[in-house]
Number of protein chains: 2
Amino acid sequence: MRPYYEDTKAGIVIYHGDALDVLPHLSGVAGVVTDPPYSSGGAFRGDRTNATLAKYISTDSSRQDTLDDFTGDNRDQRSFMAWAALWLNGARNAAVPGAVLVSFIDWRQLPTLTDSVQAGGWVWRGIAPWSKKFGRPRAGGFSSACEYIVWGTKGPLHEHQVYPPGIFECSAEGDREHIAQKPEAVMRWALQPVPHIGSILDPFMGSGTTLRAAKDMGFPAIGIEMSEKYCEIAAKRLAQEVMAL
Amino acid sequence: MRPYYEDTKAGIVIYHGDALDVLPHLSGVAGVVTDPPYSSGGAFRGDRTNATLAKYISTDSSRQDTLDDFTGDNRDQRSFMAWAALWLNGARNAAVPGAVLVSFIDWRQLPTLTDSVQAGGWVWRGIAPWSKKFGRPRAGGFSSACEYIVWGTKGPLHEHQVYPPGIFECSAEGDREHIAQKPEAVMRWALQPVPHIGSILDPFMGSGTTLRAAKDMGFPAIGIEMSEKYCEIAAKRLAQEVMAL
DNA sequence: GCCGAGAATGAATCCATCC
DNA sequence: AGGATGGATTCATTCTCGG
């Protein structure tokens, strides 16, 4: 297990590889905080099997040229369920008792993910919406203005003196290097329930927002990412000093 | 099918009885907008006297503490699923093509309800949170500050020129005659996607907030309620004139 | 530096066409 | 027949840029 990047002083490690391969080697995790590929993007099978750029970026956008596709986003619901149960179980094995799981998901896969969370051995504790205030409008129906956190714990809840709000409002970020990149403020919210009894793990690191927020909040952190390009981007972001909050 | 209450001029009807008995007699419904009993309590109480842990204790002691929440609700969840599929199917039969379904639910039953909606023949279209702003704070975990709308349609979406927001913020009502009573503003939000091609149906009317909002928005409406006491309360609320919005 | 107008954007969605 | 492709559509918010 050779890290792609390591910052011993801050306790930050990045592994370049598949989460399912790397997870068995990890331990001491207090919080699994991540944003897995949703395998979503449309009611029709054809839509879902599209490349991520075609699925998630509006056709008239110039972003098509500047962002990259990512892989592993084409599972159907049953294999998404099975795959998610696998990485969730792997992450739970790396976690200490009382550890917290926080995973983002969209509305379409939310019910499947809550099943996977429990199948992976976590105690499902709830849902919390991230409100982007206004999604793309939809004539005759509710716009999908939110993404969701599904959260749980390894065994009993490790009660400590934090009271994270059950909903978080924050508009989506303008400048992004990854299609699904989330604002750091959102990730800091997601990290709030994690007790300081170990490190933060993000098995689907992407451009490294989770690790960046973890570092700024004083957590050691481990990231796993399949794409070398994003490993590089994340390493650059993490090489910077702690940011003032 | 004798109505408990009827206002011919406004097209408001209340039936006193069980939804599953009344639904087969109805038709011309453009919107099913309701707030069903969430827990499988009341009529569908499972056998909770079973020691849930005793049934599922595994020899892997590390998993015992993770199982309490997972297994506790299983039986109730399955009967909730079956029962909800029944009334959802019945309501769909009473609905016109393009009709909209809007059902409130809490986080715990949300995944079960999305299954039931599809089992009942509706096209599941999404989720929309109602944020109550102040959930009960919870040490070490996200407060549950939201209830959720699960919505869908009977066949293709009947596009019309409304753009309902995908999230609605409104504090829970102070004065209530029913435990689960929701503010009228919330119900008016829930009614927004319903096209004016028929009536509003609430199979679990309670104190009649849905019908009151429907009347104020110019919809004919049908309510069903098992408890005579709430039939009476709702009839009183509906006897009042249309309220200014 | 502030303000207002105009342009760009969104982990979309749906459908007609084309292979 | 069924999967892949491309275009049209929507508006509150955010961003850009000029005055």
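These figures come from a predicted structure and were not determined experimentally.
- Counting heavy atoms from C-beta outward, A:Asn74 and A:Lys55 have side chains that approach closer than 4.5 Å.
- Contact annotation for A:Pro37: base contact, defined as any heavy-atom pair under 4.0 Å involving a base atom.
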Paired and unpaired positions of DNA chain D as dot-bracket, Watson-Crick or G-U wobble under 3.5 Å, | denoting a partner strand: .||||||||.|||||||||
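- Side chains of B:Thr153 and B:His158 form no contact here, defined as non-hydrogen atoms less than 4.5 Å apart.
- Closest approach to the A:Ala180 side chain among C:dA11, C:dG10, C:dC14 is made by C:dA11 (side chain taken as heavy atoms from C-beta onward).
- Judged by distance alone, the side chain of A:Glu232 and the main-chain N or O of A:Glu228 form no donor-acceptor pair under 3.5 Å.
- Nucleic acid contact class of A:Ala139 (heavy atoms, under 4.0 Å, all strands): none.
- For the residue pair A:Arg212 / A:Ser207, no side-chain donor-acceptor distance below 3.5 Å is found, with atom types taken as modelled.
- One atom, CG of A:Asp35, and another, P of C:dA11, lie 11 Å apart when rounded to the nearest Å.
- Put simply, A:Arg138 has no side-chain N or O that comes within less than 4.0 Å of OP1 or OP2 on D:dA12.
- Electrostatic pairing of A:Lys182 and A:Glu147 counts as a salt bridge here, judged by a charged N lying under 4.0 Å from a carboxylate O.
- Distance, A:Gln181 CD to C:dG10 P: 12 Å, rounded to whole Å.
- Nucleotides C:dA11 and D:dG6 have their P atoms positioned 22 Å apart, rounded to a whole Å.
- Between A:Trp107 and A:Gly135, the residue whose closest nucleotide on DNA chain C is further toward the 5' end is A:Gly135.
- The backbone N or O of A:Gln109 sits less than 3.5 Å from a side-chain atom of A:Asp106, completing a donor-acceptor pair.
- Following rounding to the nearest Å, B:Glu159 (CD) and D:dC11 (C1') show an atom-to-atom distance of 14 Å.
- Each of C:dG10, D:dT10, C:dT13 was ranked by its minimum atom distance to the side chain of A:Arg108; first place goes to C:dT13.
- B:Glu169 places its CD atom 18 Å from the P atom of D:dA12, with the value rounded to the nearest Å.
- A straight line from CD of A:Gln109 to P of C:dA12 spans 12 Å, rounded to a whole angstrom.
- Atom CG in A:Asp68 sits about 17 Å away from atom P in C:dA11, given to the nearest Å.
- Between A:Trp124 and B:Trp107, a ring centre-to-centre spacing shorter than 6.0 Å is recorded.
- Listed nucleotides D:dT10, C:dA11, C:dT13 differ in distance to A:Tyr56; the shortest reach to its side chain belongs to C:dA11.
- Distance, B:Leu157 CG to D:dT10 P: 13 Å, rounded to whole Å.
- Inspection of the B:Thr112 and B:Asp115 side chains reveals no N or O donor paired with an N or O acceptor under 3.5 Å.
- Under a 4.0 Å N-O distance rule, the pair A:Lys236/A:Glu177 does not qualify as a salt bridge.
- Between A:Arg176 and C:dG10 there is a side-chain N or O to OP1 or OP2 distance below 4.0 Å.
- Residue contacts shown for A:Trp130 are absent, as no nucleic acid heavy atom lies under 4.0 Å away.
- A straight line from CG of A:Leu53 to C1' of C:dG10 spans 14 Å, rounded to a whole angstrom.
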Which pairs, protein N/O on one side and nucleotides 13-16 of chain D N/O on the other, fall under 3.5 Å?
unit_1 : atom_1 : unit_2   : atom_2 : d
D:dT14 : OP1    : A:Ser171 : OG     : 3.1

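- Side chain of A:Ser116 to main chain of A:Met81: a donor-acceptor pair is present (N/O by atom type, distance under 3.5 Å, no hydrogens or angles).
- Residue B:Tyr163 is classed as a sugar-phosphate contact, given heavy-atom separations below 4.0 Å to backbone atoms only.
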